[in-house]
Amino acid sequence: MKENKDKEYIDESVGTMADVEAVMKKYDRESNVRIWEGLPRTIIHYLMAAFAIYCIIDAIFLTTLQEVRYSVFMGMIVLLGFLTFPVKKGVERVNHMPWYDIIIMVVGAGAYFFYAANAMTVIRMSARIMADPLFMVVGAVGILALVELCRRCVGLPILCVAGALVIYTLASGIGVTQLIRTLFYTANGIFSTPVGVCVKYIVIFIIFGAFLERTGVADFFIRFANTAVGRFTGGPAKVAVVASALEGMASGSSVANTVGSGSITIPMMKKMGYRPEFAAAVEAAASTGGQIMPPIMGAAAFLMAEFTGIPYGQIAVMAILPAVLYFTGIFIAVHLEAKRSGMQGIPREHLPKVKDLLKELYLLLPLIALIYLVGTNTFTMAYSATLSILVAMVVGVIHNIVPHFTATTDGGEEEEAGQKPALSFRWILDAFENGARSSITVVVACGIAGIISGCITVTGLASILLGAIVSLSHGIVMIALVLTMLCCIVLGMGVPTTANYCIMAGVCAPILIALGVEPVAAHFFVFYFGIVADITPPVALAAYAGSAIAKSDPMRTGLVATKLAIAAFVVPYVFALNPAMLFVNVTSVFEVCQICVTALLGIFGIAAALNGYLGRPLSILTRIILAAAGLCMVVPGTITDMIGLVVLVLVVVYEYGMKRKSQIAKA
């Protein structure tokens with residue numbers, strides 16, 4: 001069978017699947033699952049697929065009482081969650097589930113189904129339900145089951161936050177029964193906005209992402225990135241940036257992104273001469289940026305739409321310019337590092353051919369359909385996602401059929417039947433199953449975020465934090481932004497994207513809004529800084545996953561990734577101080593262009609200062625001047641922009657002039 005030359009080059013440095021799985025199991029709890037074979041595997045496979053189909057039907061057609069729908073949904077999540085995730089990491093026995101897990105699963109899921117069956121009673125009794133021991137015991141069991149499932153599939157960081165808030169709530173004088181009622185039987189706890197948005201939108205979009213993955217679009221993005229930027233200076237690193245930006249449009253996990261594309265791009269970068277820490281950091285920073293790339297944005301866009309009341313389509317549009325600036329910042333840093341190290345691009349003969357990619361442009365149809373349907377506002381988001389899933393099914397079928405007509409031997413004859421890709425519709429059920437499995441972690445994290453939100457609401461903690469930050473900042477917005485940034489990074493460490501944003505939206509965003517920051521800008525601000533926690537030491541999960549593939553030092557990788565992602569620390573201040581970047585309160589097109597251009601030049605100056613190279617190595621004084629010039633252009637204002645621009649131009653002209661003079665002297 002004829003080997004594709006470019007594919008051979010790209011894949012030759014890839015580690016074994018076992019290595020990739022080991023990394024995922026170490027850094028991504030979602031990958032630590034029970035091992036089911038034979039009949040049990042088949043049963044669970046169909047249960048998962050049935051749950052995914054049920055979620056689509058629920059979001060589009062069901063009009064049952066909200067309390068019933070949400071509690072049934074959570075009961076199914078608990079049931080499937082305990083069937084999927086074992087009590088601890090490690091090698092699981094095949095087809096084995098301990099008796100205590102079975103009890104926790106049945107009792108935990110039963111608590112939610114009990115609530116569904118007695119929803120009207122709960123509504124009628126209202127606060128009087130606290131006097132009924134049965135309902136209190138059921139509520140406590142439901143909460144504890146969710147907490148245990150969260151420990152298994154999400155991790156301890158978010159539980160530490162939730163636990164501290166529960167203790168604070170009880171210490172504030174809130175009784176145990178009142179807390180159970182708030183967290184389990186009202187819309188201020190588990191069944192608050194995060195879980196509601198999961199039922200309405202998020203799970204369906206996760207299923208859409210699973211179908212998109214099955215169509216082979218991820219491999220297409222990597223090959224497209226190779227074709228677009230692979231031949232330039234530092235090609236492999238630029239491929240990682242472009243591919244991660246494209247993959248991030250429909251993905252929802254920084255760690256999964258890092259491992260998925262990093263298993264290809266990191267070995268490529270190392271082979272071209274990049275330091276292991278730098279190679280891992282590039283992939284981690286770029287993959288983390290996938291969480292801020294429209295249209296999916298790690299599912300946080302849907303939550304932001306719910307919290308702010310702004311339509312999802314507008315949220316996605318607002319996110320475009322900041323995301324472009326983020327990836328441009330990484331691209332600039334990569335280019336400067338490549339120039340300093342003398343890196344070359346990938347030889348043209350090893351790159352995918354444009355004509356081969358053009359033949360597979362149909363793989364983009366599901367994404368195009370989604371963007372179009374959501375943009376027209378003709379259909380609900382759930383319905384738009386469902387139609388896009390149907391498009392993905394058609395594309396997947398085409399992608400399976402095409403090899404039957406194109407696969408040939410070197411002699412031009414058709415391949416033997418045994419070597420052809422099998423034309424099967426089993427992948428559709430597999431996609432439903434993968435979508436359901438991926439949604440478990442997100443929903444559980446959102447449920448715990450609801451608990452956190454409930455504790456904040458019942459204690460009035462948000463008002464207390466507001467008073468503290470206003471007092472510390474003396475009402476100065478910039479100081480308040482810095483304090484909020486630190487709060488977001490600390491609270492966001494080790495917490496999944498969706499739950500992360502839910503916490504930030506409930507705790508930090510109201511503080512900025514109260515200080516005069518535009519509401520949507522405040523929400524974007526806390527979202528960005530919650531995300532960068534994935535690459536900010538000491539709990540930089542995406543960076544650590546990349547370091548495991550690159551076999552580099554995890555802490556150094558995290559520090560390099562933080563430096564590369566400097567745009568993520570700069571851009572939020574720009575749109576917080578001047579929301580025109582988000583197309584809010586825009587007075588003219590010129591204003592938007594000015595903000596984007598000056599922010600981009602500012603990021604260039606800061607990146608060059610951090611990298612220490614601009615045509616030649618920079619002195620400490622020059623780096624400080626460059627950083628100051630960059631910061632001047634980042635701060636909105638014509639005067640600061642002009643000062644920064646003049647200084648930046650002078651430094652660039654001087655450095656390249658001195659480089660030219662040195663070259664002439666050597667000649």
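Because the structure is a prediction, the values reported are computed rather than measured.
Within 6.0 Å of the OH atom in Y383, the count of heavy atoms belonging to other residues, nucleotides or ligands does not exceed 12. Annotation: E306, atom CD; neighbour count of heavy atoms from other residues, nucleotides and ligands within 6.0 Å is above 12.
Residues S552 and T557 bring a donor and an acceptor atom of their side chains to less than 3.5 Å of each other.
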V166 and L179: CA distance, side-chain angles, deciding distance, side chain to side chain contact (heavy atoms under 4.5 Å, CB included) verdict: CA-CA 9 Å; V166 167; L179 182 62; 3.9 Å; yes
Report the C-alpha distance between R152 and V33 in whole Å, list the side-chain angles of each, state the deciding distance to 0.1 Å, and finish with yes or no for side chain to side chain contact (heavy atoms under 4.5 Å, CB included). CA-CA 9 Å; R152 297 182 183 203; V33 297; over 6 Å; no
Show the numbers, then the answer: is there a side chain to side chain contact (heavy atoms under 4.5 Å, CB included) between L461 and C455? CA-CA 8 Å; L461 182 60; C455 291; over 6 Å; no
With side chain to side chain contact (heavy atoms under 4.5 Å, CB included) as the criterion, how do E283 and I549 come out once you've worked through the C-alpha distance, each side chain's angles and the decisive distance to 0.1 Å? CA-CA 10 Å; E283 182 57 51; I549 297 174; over 6 Å; no
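Judged purely by atom type and a 3.5 angstrom limit, S453 has no side-chain atom pairing as donor or acceptor with the backbone of G450. T186 places a side-chain N or O within 3.5 Å of a backbone atom of T182 that can act as its donor or acceptor partner. Although no hydrogens or angles enter the test, the distance criterion places a donor-acceptor pair under 3.5 Å between the side chain of N118 and the main chain of F114. Listed for the T386 side chain is a donor-acceptor partner under 3.5 Å among the backbone atoms of A382. The backbone N or O of A284 lies less than 3.5 Å from no partner atom in the side chain of S287, so there is not a single donor-acceptor pair. No donor-acceptor pair closer than 3.5 Å links the side chain of R181 to the backbone N or O of G139. Judged purely by atom type and a 3.5 angstrom limit, Y185 uses its side chain to pair as donor or acceptor with the backbone of F135. Side-chain N or O atoms of W36 include one that pairs as donor or acceptor with a backbone N or O of L83 at under 3.5 Å. With Y112 contributing its side chain and F73 its backbone, the two residues share no donor-acceptor pair below 3.5 Å.
Rounding to the nearest 0.5 Å places OG of S438 at 13.5 Å from CD1 of I202. How far CE of M130 is from CD1 of I180: 10.5 Å, rounded to the nearest 0.5 Å. Here OG1 of T459 is found 7.5 Å from CD1 of I174. Values are rounded to the nearest 0.5 Å. Note that the CD1 atom of I206 and the OH atom of Y201 stand 15.0 Å from one another [nearest 0.5 Å]. Once rounded to the nearest 0.5 Å, the distance linking CG of L429 with CE of M48 reads 13.5 Å. Residue I56 holds its CD1 atom at 12.0 Å from CG of L62, rounded to the nearest 0.5 Å.
Contact check for T308 versus I315: side-chain heavy atoms found under the 4.5 Å cut-off. The closest side-chain heavy-atom distance from L65 to I123 is below 4.5 Å. Residues M74 and L146 form a side-chain contact, since some pair of their non-hydrogen atoms from C-beta on lies under 4.5 Å apart. Here the side chains of F51 and F432 are not in contact, with every heavy-atom distance at 4.5 Å or above. In this structure, Q66 and F191 have side chains that are not in contact, with every pair of non-hydrogen atoms separated by 4.5 Å or more. Using a 4.5 Å cut-off on side-chain heavy atoms (C-beta onward), C150 and I158 make contact. With a 4.5 Å cut-off on side-chain heavy atoms, D430 and H45 count as touching. When side chains are defined from C-beta on, V87 counts as touching Y100, because their heavy atoms get closer than 4.5 Å.
The minimum heavy-atom distance linking I389 with I204 is given by the pair CD1-O, 3.9 Å. Considering every non-hydrogen atom in both W427 and A392, the closest pair reads CH2-O, 3.8 Å. Pairing each heavy atom of E67 with each of S71, the nearest pair is O-OG, 2.6 Å. Across all non-hydrogen atoms, the minimal contact from F208 to S388 is CE1-CB, 3.5 Å. Taking all atoms of both residues into account, the shortest heavy-atom contact from C488 to F529 is CB-CB, 3.7 Å. Here the closest non-hydrogen pair linking L466 and A514 is CD1-CB, 3.7 Å.
With I440 as the partner, the side-chain contact (heavy atoms from CB on, under 4.5 Å) test is satisfied by one option alone out of L80, V203, V78: L80.
Classification of the Y115-F184 ring pair by plane angle, with boundaries at 30° and 60°, yields tilted. Using cut-offs of 30° and 60° for the angle between ring planes, the H523 and F307 rings count as parallel. Ring orientation note: the planes of Y528 and F524 are tilted relative to one another, at an angle of 30° to 60°.
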